[in-house]
Each structure stands twice: as structure tokens, then as C-alpha cells.
**Q** 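The structure is given below, and queries will be raised subsequently.
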Amino acid sequence: MIEKTRVIFFGTSAFAVPVLEALSAVADIRLVITRPDAPAGRGKNLQSSPIRARAESLNLNVLTPGPVNNSDFYKVIDNAQPEAAVLAAYGKILPLELLRIPAKGFLNVHPSLLPRHRGPSPISGAILAGDAQTGVTLILLDQEMDHGPVIAQRSITIEPHEHHPSLEQRLAMLAAEMLQSSLLPFLEGRITPQTQNHDQATFTKLLKRQDGLIDWSQEAATIAKQIRAYDPWPGTATQFHNQPLKILDGRAVDGQASEPAGTVINHLGQPAFVCGRGLLTHIMVQPANGKPMTAADFANGQRDFIGHRLG
RNA sequence: CGCGGGAUGGAGCAGUAGCAGCUCGCCGGGCUCAUAAUCCGGAGGUCGGGGGUGCAAAUCCCCCUCCCGCAA
């Protein structure tokens with residue numbers, strides 16, 4: 001039996017889980033590096049990363065270092081004698097000294113069609129941009145973010161009303177398939193990485209809670225894309241009676257209204273929100289202490305909802 | 001012990017001790033070429049569960065279960 005390639009895996013979020021599983025089938029994973037447990041959720045209990053949970057169930061060695069830019073950590077990595085490393089949604093920038101340790105380099109799974117949507121929120125970036133297609137790119141890491149040469153790339157179609165979670169899940173599956181089919185050919189030298197066309201690079205930024213506050217003066221189409229891109233983080237919300245009101249879904253339609261942007265109006269018997277241009281319809285909301293519901297249901301209990309101007 | 005809100009007909013909500021209500025939906029009927037229209041009538045609730053106090057509890061006290069917002 002042939003010895004499997006020794007690799008180290010870096011990853012944190014749920015997107016990385018199928019990738020880890022695929023990797024475990026084709027390589028000898030000596031170490032899994034993920035971010036430390038952190039207080040999270042109601043009650044502020046310590047919570048493991050999805051990768052930590054899955055790696056432990058696969059009986060893999062897991063490390064959860066805080067800072068990774070120190071010689072002690074480099075030594076640990078070096079001692080594992082990795083031929084290559086794979087990184088997927090880890091959440092931290094790795095120092096160049098670390099990238100140099102594995103002889104075959106660090107492979108990075110990035111959920112966009114690089115050089116488009118480099119950076120920390122590529123999936124949201126593709127939805128926000130209104131792209132018809134996105135995909136997964138397997139690259140080698142170099143000193144710049146999402147900048148290295150391309151080993152493999154495949155695209156998929158973004159469905160018309162698709163939200164982030166669905167797209168992320170499909171991209172994760174694609175990423176897992178790609179890693180499984182490309183890793184060995186790359187390590188055996190049968191794939192030559194191709195330099196990216198840096199002139200066409202676009203960049204995404206880290207999403208903050210503030211990004212999820214809806215500006216009703218924007219076009220309905222823009223707001224609808226935000227709703228889909230920011231689900232579930234940071235989410236999209238507005239204010240109603242000084243309470244947050246999450247907007248979970250909505251569709252942009254053409255239409256004019258005399259009311260100012262942010263006003264809730266009756267449109268064909270359903271609540272609709274007036275935007276800078278067009279209307280938002282087919283709305284799902286979630287009030288501060290309630291479950292998700294249609295805007296029509298919400299309006300039944302909040303008699304002043306229609307006609308109210310959201311903030 | 002991070003902070004906080006909630007559970008009331010099928011859905012969404014009001015109701016701080018004295019006959020359980022509102023909007024929507026549903027069923028039947030009227031009007032109508034038609035409906036996101038409108039009119040008339042009707043069904044549907046042991047008020048999350050258990051215990052306590054009261055002449056009387058959805059409402060006050062104690063315990064339990066479930067759900068959610070903020071924060072990360």
C-alpha cells in the first residue's frame with residue numbers, strides 16, 4: 001500500500017468541513033489547526049469551531065493556537081514533516097515563514113472565481129455584485145492575500161433568489177470535490193499552477209454588523225442582494241418602534257410610491273417597503289423576540305405597521 | 001451565573017384580579033364579468049406545564065419546559 005501524503009489542515013468555519021473530510025480520504029492529516037474555542041451564543045458558553053468538532057470525530061490531532069507568528073508554533077509544524085498544507089476558511093493571515101515550511105507549499109481553497117472577489121467575504125461579494133456565476137479556486141498561497149497561482153478552478157451558477165447559506169454549502173461541496181481530484185496530480189507535478197490576471201482582481205472586505213443596517217434610500221434591487229448576501233451574518237435589519245426588525249427575505253419589483261423611502265405600504269394586499277428606487281415585496285421579517293414570519297403576519301399583530309416609516 | 005424579551009382559537013397580537021378580545025385566515029351565505037373588493041352569519045381557546053395565595057387568577061407568588069433578540 002502506498003503511503004499517503006503527509007499534510008496539515010488549517011480551517012475554522014463550516015465551509016471547511018467538507019474540505020477536511022475530502023482531504024482525509026486522500027491524505028494523511030497529521031495536524032488540524034483551528035481557532036481556539038470562544039465564548040459564543042446565549043449564555044456565553046465556550047464553543048468549538050465546526051472544524052474542531054469534525055476533526056475530533058475523525059480522531060485527528062487538533063491544535064487551537066492563538067497567535068501563529070512565533071517560532072514555537074513553526075517548530076510544531078515543522079516536526080509534523082508536512083509535504084503540503086491545505087487551508088480553507090481559517091480566518092487568519094499566516095506569516096511567510098510558516099508558508100515556507102511544507103515543501104509543496106500551502107494550498108488555499110477560495111470560494112470565488114479568482115482573481116474576482118479576493119479577501120474575507122467572497123461568497124457575499126459575488127451575491128452583492130449580482131454575479132450570475134461564482135465558483136471555487138484552488139491556489140497556492142503566496143505573500144499577498146488570495147494572490148497565488150491557480151491550480152484548479154470550477155464555476156457554478158448562482159440561483160436567482162439564492163441566499164448565502166445555500167450557495168456556501170454548494171461551494172463547499174464543490175471545493176471538496178476539487179481538492180480530492182486535484183491534490184495528487186498537483187503533488188505529482190502533473191498540474192502547473194497558472195499566474196492570476198492581477199489586473200482584474202476585485203476585493204471584498206470583512207463584513208461588520210453595521211453593514212447589515214438597511215439604508216432604504218438605496219435601490220430595492222441592491223437591498224434584495226444585501227438580504228441574500230448578508231444571511232446569516234451580519235444579517236439585515238431595520239428599526240421598528242426602536243426595536244430591531246430583521247429582514248430575512250424580500251424581492252425587488254418595479255414600482256413607484258409617493259411615500260418616502262422606508263415607508264411600509266400596502267401593495268396588492270401585501271406589505272411592501274418603499275426603497276430609493278422600486279419596492280421590496282415578498283418580505284419575511286423576524287421581530288426582536290419572535291420567530292420568522294411573513295410581513296403580512298407581522299402586520300396583523302402590529303396594526304400601525306402599514307404606513308410606518310422604518311428607520 | 002454576560003444582558004434582555006416571549007409562550008393567549010389555524011397565523012400574528014392586545015388584555016396587571018371580576019363575562020377571553022382584535023386583525024388576518026377558515027366555513028356558510030349575499031352582491032359581483034371580476035377581486036388585494038365588500039356585506040351578513042358561523043365554527044374554533046382546559047390562556048405552555050405543575051404547585052401556591054384569593055370569594056374570584058391569562059393577570060399575583062414559587063418551580064419546570066420550550067422559543068427568541070442583543071452580545072460574540
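Within every chain, numbering begins at 1; the chains are lettered A, B, ... in the order of the sequence lines, protein sequences first and strands thereafter. Excluded from the calculations below are hydrogen atoms, water molecules and symmetry mates; all remaining heavy atoms, backbone and side chain alike, are included.
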**Q** Could you label the plane-to-plane angle of the A:His147 and A:His198 rings as parallel, tilted or perpendicular, counting under 30° as parallel and over 60° as perpendicular?
**A** parallel
**Q** Across the strands shown, which category fits A:Gln47 at heavy-atom distances under 4.0 angstrom: base, sugar-phosphate, nothing?
**A** nothing
**Q** Between B:C19 and B:A7, how far apart are the C1' atoms? Round to whole Å, please.
**A** 25 Å
**Q** For the C1' atoms, the ones on B:G45 and on B:A36, what distance do you get once it is rounded to whole angstrom?
**A** 29 Å
**Q** Determine: side-chain N/O of A:Arg42 to OP1/OP2 of B:C70, distance under 4.0 Å, yes or no.
**A** no
**Q** For B:U59 versus B:G51, give the span between their P atoms, rounded off to a whole number of Å.
**A** 14 Å
**Q** Please evaluate residues A:Asp249 and A:His163 with respect to the criterion side-chain hydrogen bond (donor to acceptor under 3.5 Å, both in side chains), reporting the C-alpha separation (whole Å), side-chain torsions for both, the decisive distance (0.1 Å), and the verdict.
**A** CA-CA 9 Å; A:Asp249 203 2; A:His163 286 229; 3.1 Å; yes
**Q** Given the P atoms of B:G9 and B:C22, what is the spacing between them in whole Å?
**A** 15 Å
**Q** Would one find a side-chain N or O of A:Gln302 under 4.0 angstrom from OP1 or OP2 of B:G12?
**A** no
**Q** Report, as yes or no, whether the 6.0 Å neighbourhood of atom CD on A:Gln210 holds more than 12 heavy atoms from other residues, nucleotides or ligands.
**A** no
**Q** So which heavy atom on A:Leu23 is nearest to which on A:Leu183, and how close?
**A** CD1-CD2, 3.6 Å
**Q** Nearest heavy atom decides the nucleotide; on that basis, is A:Met293 or A:Asn45 closer to the 5' end of RNA chain B?
**A** A:Asn45
**Q** At 4.0 Å (heavy atoms only), tell me whether A:Ala40 reaches a base, stays on the sugar-phosphate, or touches nothing.
**A** base
**Q** What is the separation between atom NE2 on A:His241 and atom P on B:A14, rounded to the nearest whole Å?
**A** 11 Å
**Q** Output the rounded distance in Å from NZ (A:Lys44) to P (B:G69).
**A** 15 Å
**Q** Can you tell me, in whole Å, how much space there is between the C1' of B:U23 and that of B:A14?
**A** 11 Å
**Q** Which whole-number value in Å describes the distance from A:Asn266 CG to B:C24 P?
**A** 12 Å
**Q** Of the listed nucleotides (B:A71, B:A36, B:U23), which one gets closest to any side-chain atom of A:Arg303?
**A** B:U23
**Q** Where does B:G54 fall, syn or anti, if syn means a chi angle no more than 90° from 0?
**A** syn
**Q** Please report the distance separating the C1' of B:C13 from the corresponding atom of B:U8, rounded so that it comes out in whole Å.
**A** 9 Å
**Q** Does the side chain of A:Thr281 come within less than 4.5 Å of A:Gln270's, by heavy atoms?
**A** no
**Q** Can you tell me how far P of B:C68 sits from CD of A:Gln243, to the nearest Å?
**A** 17 Å
**Q** Counting side-chain heavy atoms from C-beta on, which of B:G69, B:A72, B:G12 comes nearest to A:Asp297?
**A** B:G12
**Q** Does OP1 or OP2 of B:A72 have a side-chain N or O of A:Arg209 closer than 4.0 Å?
**A** no
**Q** Compare the minimum distances between each of B:C68, B:G2, B:C24 and the side chain of A:Asn300, then state the nucleotide with the smallest one.
**A** B:C24
**Q** Taking a pair as Watson-Crick (N1 to N3 plus N6-O4 or O6-N4) or G-U wobble (N1-O2 and O6-N3), both under 3.5 Å, which stems of 3 or more consecutive pairs involve RNA chain B?
**A** B:2-7 with B:65-70, B:10-13 with B:21-24, B:26-30 with B:38-42, B:48-52 with B:60-64
**Q** If the P atom of B:A58 is compared with that of B:G48, how far apart are they to the nearest Å?
**A** 10 Å
**Q** What's the NE2-P distance between A:His308 and B:C13, to the nearest Å?
**A** 16 Å
**Q** Taking the nucleotide of RNA chain B with the nearest heavy atom to each, does A:Ala38 or A:Gln270 sit closer to the 5' end?
**A** A:Gln270
**Q** Would the number of heavy atoms belonging to other residues, nucleotides or ligands and lying under 6.0 Å from CD of A:Glu56 be above 12?
**A** yes
**Q** Got a salt bridge between A:Arg118 and A:Glu144, using NZ or NE/NH1/NH2 to carboxylate O under 4.0 Å?
**A** no
**Q** Quickly, which of A:Asp131, A:Thr204, A:Thr137 forms a side-chain hydrogen bond (donor to acceptor under 3.5 Å, both in side chains) with A:His117? Name it, please.
**A** A:Asp131
**Q** Phosphate oxygens OP1/OP2 of B:G69: is one of them under 4.0 Å from a side-chain N or O of A:Lys246?
**A** yes
**Q** Taking B:G41 as the reference, what is the distance to B:C60 when you measure between their P atoms (whole Å, please)?
**A** 36 Å
**Q** Whole Å only: how far is the NZ atom of A:Lys291 from the P atom of B:G48?
**A** 14 Å
**Q** Tell me the interatomic distance from A:Leu206, atom CG, to B:A72, atom P, rounded to whole angstroms.
**A** 13 Å
**Q** Find the distance A:Ile306:CD1 to B:C24:C1' and express it as a whole number of Å.
**A** 12 Å
**Q** Measuring from the side chain of A:Leu268 (C-beta onward, heavy atoms only), which nucleotide among B:A36, B:A11, B:A72 has the closest atom?
**A** B:A36
**Q** Quick one: pull up CD1 in A:Ile123 and OG in A:Ser112 and give me the separation to the nearest 0.5 Å.
**A** 9.0 Å
